[in-house]
Peer 1: 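Just passing along the structure, written as structure tokens.
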Amino acid sequence: METVTVHSSQWDRVTELTKLAQERNTDPLVWAMELSSSLNSAGISMPSTDVAELLVSHICWSNNVPNAWKLLEKALVFRIVPPLFVLALLSTRVIPARRSYPMAYRLYMELLKRYTFSLPSLINGPNYQKIMESINDTLHLSQIFELEGSESGMHVIEYVFTVVCQLLDASLDDEGLLELTAEKKSRWPVATQEMEISNRDGFAGKRVEHREGLCRMNTVLAIEIIGELFGDKLTSMILYLARRNMPTHWDSFMQHLHLLVSNSSALRNSKNISPEALVLLISKNRGVLSRECKTSSRKFLHAVMASGSLALSVSRFDDASTSVLWLPIDLFLEDTMDGSKVAATSAADTLTGLVKALRAVNCTSWKNTFFGLWISALRLVNRERDPSEGPVPRLDTCLCLLLSITPLAITNIIKEEENDSSTSDQRTESTGKHRQAVVSSLQQLHDYEGLLTPPLPAIPLANQAALKAMMFLSGLSGGSEYFDGMRLNDMPVNCAGSLWHLIVEACIARNILDTSAYLWPGYVKGQFNQVPRNMSGPLPSWSSLMKGSPLTPPMVSVLVSTPASSLAEIEKIYEIAVNGPAEDKISAATILCGASLARGWNIQEHAVLFITRLLSPCVPSDYSGTDSHLISYAPFLNVLVVGISSVDCIQIFSLHGLVPQLVGALMPICEAFGSCPPNVSWTLMSEEITSHAVFSNAFTLLLTLWRFDQPPLEHVTRDVPVGSHLTPEYLLLVRNSQLAFSEDLLIDQSKSKQLSRVVSQLPREPIFMDSFPKLKCWYRQHQACIASPLSGLVPGTPVHQIVEALLDFMFRKINSAGQSLIPPTSSGSNSSGSGNEEISPHLKLPAWDILEAVPFVLNAALTACAHGTLSPRELATGLKHLADFLPASLATITSYFSAEVTRGIWKPASMNGTDWPSPAANLAAVEQQVKKILADTGVDVPSLSVGGISPAVLPLPLAVLVSLTITYKLDRDTDRFLNLMGAAVSNLATSCPWPCMPVMAALWAQKVRRWSDFLVFSASRTVFHHSSDAVVQLLRVCFTATLGIGTSSIESNGGVGSLLGHGFGSHFSGGISAVAPGILYLRVHRAVRNVMFMSEEIVSLLMHFVRDIADSGVPAKDLEKLKKTRGEIRSLSSQKTDSGFPASCHVSLAAAMVRVKLAASLSASLVWITGGLSLVQSLLKETLPSWFISAHRSEPNGGVSEGMVARLRGYALAYLAVLCGTFCWGVDSSSPTSKWRPSMLGAHLEFLASALDGKISLGCNKATWRAYVSGFISLIVGCTPSWLLEVDLQILKRLSKGLKRCDEEVLALALLEASGVGAMGTAAEMIIEGSLNFAR
């Protein structure tokens, strides 16, 4: 109480001193000294907020006289009162009364100009936090801006932004414009309040015109101060923080500003600033990274990033796409061509994320980004123009990638931008920019005709697309009906179409473009009068179907071979498949699985969705049976299943991300038909089918989707996370997640209410393996057979009886001779020895019951063969009988024998041509061809010779499988079964010791000569499966090929062309030649057993090639300069560029940096493609930290400055880390894997912060470490700043402090600028403290 009394008396003393000084006209200096002495005597610290309140209250408004203002000004000079707090107090009193007291308003603004720009003295002075809290309380900043936290630095930002807004709104109000704003008023008390007080500013009795003139002058001054605040380096950087972290308030400010610029007469009358200049100042308001800085590492790296100099390429062919920029896209697209990869997510979604990532890191425009994407996709098609034959995806798949997946990825990007726009105007502007970028990129494609020649199967469709445009321009707008009667000789001479026409049509179909594209220069080459007006008579076609023509056999034949051109046409077929007569339903199903699926690129995403929906027909309203309602749909379902079972069709479903949904549709079919005895048959296209046939077809497709062909060894030795294989459980989990949490994934592709309705009719209930007990039982048995030898057959049980019946059926001749492959049973059952050709009644059972017995049958047969009871030929024949009887048994046959191979308990089979088939006829040729394929890799090919004249050997179970596969004829009816089994046998042979795979290839090449090239290539891959050193050597060759090491520039060698070559088929024209290293690696990496070691090898190779880049990238004359001692280099400081290197070396260094970025891009692509999320996590969490902590031996000096090599290595690792992150997590939160980003990125940044704090000892070169840290942070801040919002703020603040200690103040500030609202207070204080170092 006593203290309060003392302070109260002291404040009375301050008031008294002030009044006396004003009355006596005391010198303000004397008053200030006396007041300061009095406050010091009372123990009151200065500057004092209480004194400030007293002085401002004294002036406003009873003592609004010049002497009082002079006293206040002197109190500010002597720091008796805090300037900013005084300005805050004055703003609440003066601005609302500015028309009544124009001179006070003028004095307020003069003080504002003097003290607002001296912020360093504020934060370095006493009572800083108390002053800012007082300002917050006075102006109610926290309530207005609604920001969490009470940091003083945050209040500084709020205050500076408030000053600008107050002046702006006051100026609008002065000119009557404030009512034109959306809010009709200001958030701050700026509205003028006329006050009936005498002697206003001494104008009593003077002319009102004089006062009005002063008010107008004040308005001009207020606007000029706004310009000064944005022009000052310090306050503009603080205002940028407001712009970045308070978007809603900033948008409102900008709307008010535009209103002022458009309508203000005061702004136009200003002699110091124009409307254009004001707008320019504010539009240039950017963060610290947009300003020049003195930090050499940051400036050099940013210069290379901004230059976009990675446009170097191997030739005009690659220069079309600035190929090295988009190398990851080429690798991704080529990797999706691997038929062993069935993805659970859409390739369009993955490609969308990849494109956005590359655009962000490469700092390119959308036009160049889209152009690079198109070129990469076109290169893929050109590599597959002449594919060799084999059971792998080829032309239809790569055309799907170009004409369906790529347009869908672009559509995704455009829609995301639309959704991110907050207003309709912004949405329209954003969409327009993106669509214009697509238009520009497509128009540019016309200059590269070499890429646009369509493959032979696509020529008719390309010609049709070109003719469509020609007809449109000729005024024939009747649609596709003009094609119906057009025969080949009706086609105009010059209407030859290209892939360009197909791409444009694909974009028009998805509303990316409109028909104005037909007017592009060069798009239509023919003359309009060339279009025939009188064509042949109408033929069956899609347009005749749309007009109501029935599905006659000729009509069906045409529609099966001709893809639908519009969504309406494919919807029409879907409606017939759902609601039409039984015969028409089957015809519609056949049409859907025809050309519209394989080559209906404009509607392909809808075709796969319709087929998936049709595989889950609804229960009829009048159905009352006890069996599954699916049984009655047998012919219809069989047509669908068989129709989508080709290798390319399966890959198309995979590319569209519908494999999980397809699995969910197939499981009920397998469960139902596998439980149905084959006593019911249906007639389909004059052929009789049973439940066994439907089950076998569906079961084979199901197993193909979850990559059943992976050998058992893969499941126990490959060092990858659990769930990485597409097991049934995993696919069901993905399917359920898609339906539960990502319903819009499919709906977003809808363009009609009809399609939305179909999507909504997909089964919504989650599906689990427990829903299918028979399938689950088989799956558990399958896993048990892999895990351990077979056991558990009990005599007399139903399973035992089925085993006997199957053995009797398979080996009748042996059994009739009195031999038995299994011991006699105690049950007395004797079904063997029948000798007739009819199937035993014991086998007229549901397929699941038969499959349960098959492993025991195989065990008995293999044992008999091993003991000589059964000859190899008899065994193969018996297995063929079993597979013909129940094709689904091929899955169990493959599974069982594959498991037995891994056990290693069987005596090898001698492939001597007597007991087993012999590969001797062409084994030597296979060896030579393998050596030719691998000629450029530097990898030694083990000899296929087994010594002397001894024949080749294979593990007995593998020999059985190979012998079985070569009994099949390649035809449409058995392709799906042979593809499943052949892939499994190939993978199994690959995992077996050398030379099992070449032996199998030699055997198969004798059977199917047209597959010879493919089989030899498969054999060549085995070399890498058995040697990790060979894999590393292949990686080394990939780097060498891509970088063109040893040449002066990438233009003469290297790039995409050297890495991926010109297609697999091109290596076999005129004989087998070396295959490009990138193609080899993309076909090998999935068989690498220890994936985790790959990141270490890739990092090691990257570091090696950075040195090679430096050695080969700096001319000899500059090497001499780089060899100078440090002292000599210091003497050249006047010749240095801001990058820290001699000016004469700057160009060479920039060129080296270009190659370094290319090497890092290749490295990141290889890490991501090889191991995905798990390998990226290992890289950031283990590989890179270990590399930095470990000591590295010094390398021989090749003439290049070790400092330069060290820095380039740091930048290379920075690019590697950031690119891996963007590929894996995406640049935003749209990717499902982005949920892993906060923890993984946070852990890595924690490592960086701890190392900068000195808590972790580093063994690497210090220059490398500093370059890595500055490069990594620079790339994140510049390319993916949203990532920082997900990281713990304390880690970011520690990083910022560490960077500041390393003389990276600009980067430290940039990090805080991008770290969100929580860090902007710290950023503001850093700006103010280091204001002298942040040069413009």
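Position 1 is the first residue of the sequence; numbering continues from there. What you are looking at is a predicted structure, and each value in this text was computed from that prediction instead of being measured.
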Peer 1: With sequence neighbours excluded, tell me which residues meet side-chain hydrogen bond (donor to acceptor under 3.5 Å, both in side chains) with Ser1028.
Peer 2: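 So Ser1028 forms no side-chain hydrogen bond (donor to acceptor under 3.5 Å, both in side chains) with any residue.
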Peer 1: Could you walk me through whether Leu351 and Ile405 pass the side-chain contact (heavy atoms from CB on, under 4.5 Å) test, one step at a time?
Peer 2: CA-CA 8 Å; Leu351 185 58; Ile405 297 302; 4.2 Å; yes
Peer 1: Using the side-chain contact (heavy atoms from CB on, under 4.5 Å) criterion, which residues pair with Cys1224? Sequence neighbours excluded.
Peer 2: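 Per chain and number, Cys1224 pairs via side-chain contact (heavy atoms from CB on, under 4.5 Å) with Trp1168, Leu1173, Val1176.
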Peer 1: Once side-chain hydrogen bond (donor to acceptor under 3.5 Å, both in side chains) is applied, do any residues pair with Trp1004, and if so which ones, sequence neighbours excluded?
Peer 2: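 Listed in chain order: Thr965.
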Peer 1: Going by the rule ring-ring contact (aromatic ring centres under 6.0 Å, His included), which residues pair with Phe1024 if we only count those two or more places apart in sequence or in a different chain?
Peer 2: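 Applying ring-ring contact (aromatic ring centres under 6.0 Å, His included) to Phe1024 gives none.
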Peer 1: Determine the sole option in His656, Gln651, Glu605 for which the side-chain contact (heavy atoms from CB on, under 4.5 Å) test with Cys400 is passed.
Peer 2: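 Exactly one option meets the side-chain contact (heavy atoms from CB on, under 4.5 Å) with Cys400, and it is His656.
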Peer 1: Quick one: list whatever passes side-chain hydrogen bond (donor to acceptor under 3.5 Å, both in side chains) with Thr397, sequence neighbours left out.
Peer 2: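 Thr397 satisfies side-chain hydrogen bond (donor to acceptor under 3.5 Å, both in side chains) with Asp648 once adjacent residues are dropped.
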Peer 1: Run the salt bridge (Lys or Arg N to Asp or Glu O under 4.0 Å) test against Lys932 and tell me which residues pass, sequence neighbours left out.
Peer 2: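 Salt bridge (Lys or Arg N to Asp or Glu O under 4.0 Å) check on Lys932 returns nothing, list empty.
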Peer 1: Can you list everything that forms a side-chain contact (heavy atoms from CB on, under 4.5 Å) with Thr411? Sequence neighbours excluded, please.
Peer 2: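 So Thr411 forms a side-chain contact (heavy atoms from CB on, under 4.5 Å) with Lys415, Arg510, Ile512.
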Peer 1: Glu505: what forms a salt bridge (Lys or Arg N to Asp or Glu O under 4.0 Å) with it, not counting sequence neighbours?
Peer 2: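 For Glu505, the residues satisfying salt bridge (Lys or Arg N to Asp or Glu O under 4.0 Å) (neighbours in sequence not counted) are Lys468.
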Peer 1: Can Trp326 and Ile329 be said to form a side-chain contact (heavy atoms from CB on, under 4.5 Å), step by step?
Peer 2: CA-CA 5 Å; Trp326 315 111; Ile329 297 179; 4.0 Å; yes
Peer 1: Report the residues that fulfil salt bridge (Lys or Arg N to Asp or Glu O under 4.0 Å) with Arg1083, sequence neighbours left out, ordered by chain and then residue number.
Peer 2: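 Per chain and number, Arg1083 pairs via salt bridge (Lys or Arg N to Asp or Glu O under 4.0 Å) with Glu334.
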Peer 1: Check ring-ring contact (aromatic ring centres under 6.0 Å, His included) between Trp1225 and all other residues, then give those that pass, not counting sequence neighbours.
Peer 2: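 Residues passing ring-ring contact (aromatic ring centres under 6.0 Å, His included) with Trp1225: Trp1283.
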Peer 1: Residues two or more places apart in sequence or in another chain: which of them pass side-chain hydrogen bond (donor to acceptor under 3.5 Å, both in side chains) with Ser1161?
Peer 2: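 Applying side-chain hydrogen bond (donor to acceptor under 3.5 Å, both in side chains) to Ser1161 gives none.
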Peer 1: Once salt bridge (Lys or Arg N to Asp or Glu O under 4.0 Å) is applied, do any residues pair with Arg599, and if so which ones, sequence neighbours excluded?
Peer 2: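 With sequence neighbours excluded, Arg599 shows a salt bridge (Lys or Arg N to Asp or Glu O under 4.0 Å) to Asp396, given in chain and number order.
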Peer 1: Would a distance-only check, ignoring hydrogens and angles, find a side-chain to backbone donor-acceptor pair under 3.5 Å from Ser1027 to Val1023?
Peer 2: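 Here the side-chain-to-backbone pair does not exist.
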Peer 1: Only one of Val355, Leu402, Leu333 clears side-chain contact (heavy atoms from CB on, under 4.5 Å) with Ser376; which?
Peer 2: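 That would be Leu333; it is the only one of Val355, Leu402, Leu333 passing the side-chain contact (heavy atoms from CB on, under 4.5 Å) with Ser376.
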